[in-house]
Amino acid sequence: LLAKQWYQRRVRGEVSTDELLEYGKSEDSILPYEEIAEMVERGEIETATIVDMIQTQLQNRKEEKERVEAEEKRKEERRAKKPKLRDIVPTPPPAEDEEELWGEDGKKIEKQPLDEFEQDHLEDEYDDVDDEEEEEEEEESVSPVRNTVSYDPETQKLIDVFEEAETLYNEARNRHDSVKRQLEDVQKLNNIDFGPEEEFFVLKGQCFEKRDEQYKYKLCPFDRSDQDGTSIGKWDSWEVGSDGVNHHNVMLYTKGNSCWQGPQRSTRVEVICGPENQILSASEPAKCEYAYVFATPAACTKVQDETEIHDEL
């Protein structure tokens with residue numbers, strides 16, 4: 001309203017510099033008086049510009065007031081939807097079970113409802129929870145900003161070249177990593193003792209199972225040994241005989257899962273010559289220490305007829 005009045009007086013030529021400065025001194029002034037005076041004296045601003053500034057500030061104040069009022073109205077509506085604790089009437093117990101309280105003066109003591117402080121405290125907690133939920137919903141509803149920047153042909157050409165080079169680099173890096181992993185696997189294989197003539201290499205990558213009355217045992221040569229899915233040893237080495245020589249007839253698997261109040265599980269595998277790969281027996285001679293007898297043609301060091309193999313088994 002003030003801005004409109006100043007504007008109408010300006011149109012009619014009724015607004016002078018002195019009147020404007022007097023307005024700046026009044027309590028209704030929106031702009032700082034000192035700033036207005038200095039700008040007018042230096043001729044840096046016209047009266048019409050000041051009127052526009054007044055009108056803009058009034059409009060901003062109006063919008064801020066409307067925003068605050070709308071926010072208060074929204075909170076009031078939300079509170080109205082919440083059931084107030086004082087409106088919740090508990091179901092009274094049966095009359096015969098109700099226990100009456102009497103004071104020393106002989107008067108009956110009535111039960112008191114929650115006081116206003118407790119009621120307001122509970123309602124404030126409801127409001128805080130609602131405000132947090134609304135903030136989360138606003139954050140989730142923000143749509144992602146899309147890049148709509150366009151480039152000139154030369155810049156776009158450079159970008160395309162860079163993207164193509166990046167794609168080629170990533171492909172080359174993936175191939176390099178794949179070859180590196182293959183080399184590491186080959187190195188691991190080279191470090192495994194598959195026998196004097198690599199005769200046990202054929203067992204690598206295979207697994208063999210045997211089930212008894214209680215458990216299912218599984219042996220993956222040069223990898224691991226399991227009992228019903230529990231690790232009872234990982235490949236370690238061949239056992240060296242009492243004569244200090246490795247005869248490649250006993251495999252050792254160590255560092256399996258720990259026993260309860262006991263050591264880590266381990267497996268000793270005796271390897272013998274046989275017509276096919278199979279676990280002949282599995283046992284636990286000591287706590288958390290397992291023993292297999294494993295037959296395989298790879299352990300046959302010379303040509304044996306079926307009778308000799310049968311007798312050995």
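The model shown is predicted, which means the values in this text are computed figures rather than measured ones.
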Applying salt bridge (charged side-chain N to carboxylate O under 4.0 Å, His left out) as the test, list every pair that has at least one member in residues 221-249; sequence neighbours left out. Arg224-Asp226, Glu239-Arg268
For Ser258 and Gln264 the tightest heavy-atom approach is OG-CG, 3.4 Å
If I compare all heavy atoms of Gln278 with all of Phe294, which pair ends up nearest, and what's the gap? O-CD1, 3.2 Å
Taking Val202's backbone N and O only, do any of them form a donor-acceptor pair with Gln206's side chain (distance below 3.5 Å, no angle check)? yes
Starting from the C-alpha separation in whole Å, work towards a yes-or-no answer on side chain to side chain contact (heavy atoms under 4.5 Å, CB included) for Asp193 and Asn246. CA-CA 10 Å; Asp193 182 3; Asn246 178 8; 3.4 Å; yes
Name all residues meeting the side chain to side chain contact (heavy atoms under 4.5 Å, CB included) criterion together with Glu270; count only those two or more places apart in sequence or in a different chain, and write none if there are none. Ile272, Val293
Distance col, row Glu197:CD vs His248:NE2, nearest 0.5 angstrom, shows 11.0 Å
Reported CZ-to-CG distance for the pair Arg173 and Leu168, which is rounded to 0.5 angstrom: 13.0 Å
Is any side-chain heavy atom of Glu71 closer than 4.5 Å to one of Val68? no
Of all heavy-atom pairs between Phe222 and Ile192, which one has the smallest distance, and what is that distance? CD2-CG2, 3.6 Å
Would the number of heavy atoms belonging to other residues, nucleotides or ligands and lying under 6.0 Å from NZ of Lys62 be above 12? no
Would you say Glu66's side chain and Ala70's backbone share a donor-acceptor pair under 3.5 angstrom? no
Contacts of Glu76 that satisfy salt bridge (charged side-chain N to carboxylate O under 4.0 Å, His left out) - sequence neighbours left out: Arg79
What pairs of residues pass the side chain to side chain donor-acceptor pair (under 3.5 Å) test when at least one of them lies in residues 154-169, not counting sequence neighbours? Asp152-Thr155, Gln156-Asp160
Is Phe194 atom CZ crowded by more than 12 heavy atoms from other residues, nucleotides or ligands, each under 6.0 Å away? yes
Can you measure from SG (Cys259) to CD1 (Ile232) and round to the nearest 0.5 angstrom? 10.0 Å
Enter the distance from Asn277:CG to Phe208:CZ here, rounded to the nearest 0.5 Å. 4.0 Å
Please give me the minimum heavy-atom distance between Glu199 and Pro196, naming the atom from each residue. OE2-CD, 3.1 Å
Share the residues that join Leu183 in a hydrophobic cluster, the rule being Ile, Leu, Val, Met, Phe, Trp or Tyr side chains under 4.5 Å apart at the heavy-atom level. Val179
If you look at every heavy atom in Cys273 and Ala299, which pair is closest and at what distance? N-CB, 3.8 Å
Qualifying ring-ring contact (aromatic ring centres under 6.0 Å, His included) pairs, either residue in residues 251-282, two or more places apart: Trp235-Tyr253
Can you list every side chain to side chain donor-acceptor pair (under 3.5 Å) pair that touches residues 208-220, not counting sequence neighbours? Tyr217-Gln227
Could you pull out the closest heavy-atom pair between Gly274 and Cys300, with the gap in Å? N-SG, 3.8 Å
Salt bridge Arg181-Glu184, side-chain N to carboxylate O under 4.0 Å: no
Give the other cluster members for Leu252, using side-chain heavy-atom distances under 4.5 Å between Ile, Leu, Val, Met, Phe, Trp and Tyr residues; answer none if it is isolated. Val250
Which residues pass the side chain to side chain contact (heavy atoms under 4.5 Å, CB included) test with Lys65, sequence neighbours left out? Glu69
Taking atom types as modelled, find out whether Ser225 and Tyr292 have a side-chain donor-acceptor pair closer than 3.5 angstrom. yes
Lys255 atom NZ, over 12 foreign heavy atoms within 6.0 Å: no
Residues 52-74 vs ring-ring contact (aromatic ring centres under 6.0 Å, His included), sequence neighbours excluded, gives none
My understanding is that only residues two or more places apart in sequence, or in another chain, count here; which of them pass salt bridge (charged side-chain N to carboxylate O under 4.0 Å, His left out) with Arg67? Glu64
Contacts of type side chain to side chain contact (heavy atoms under 4.5 Å, CB included), residue Lys73, not counting sequence neighbours: Glu77
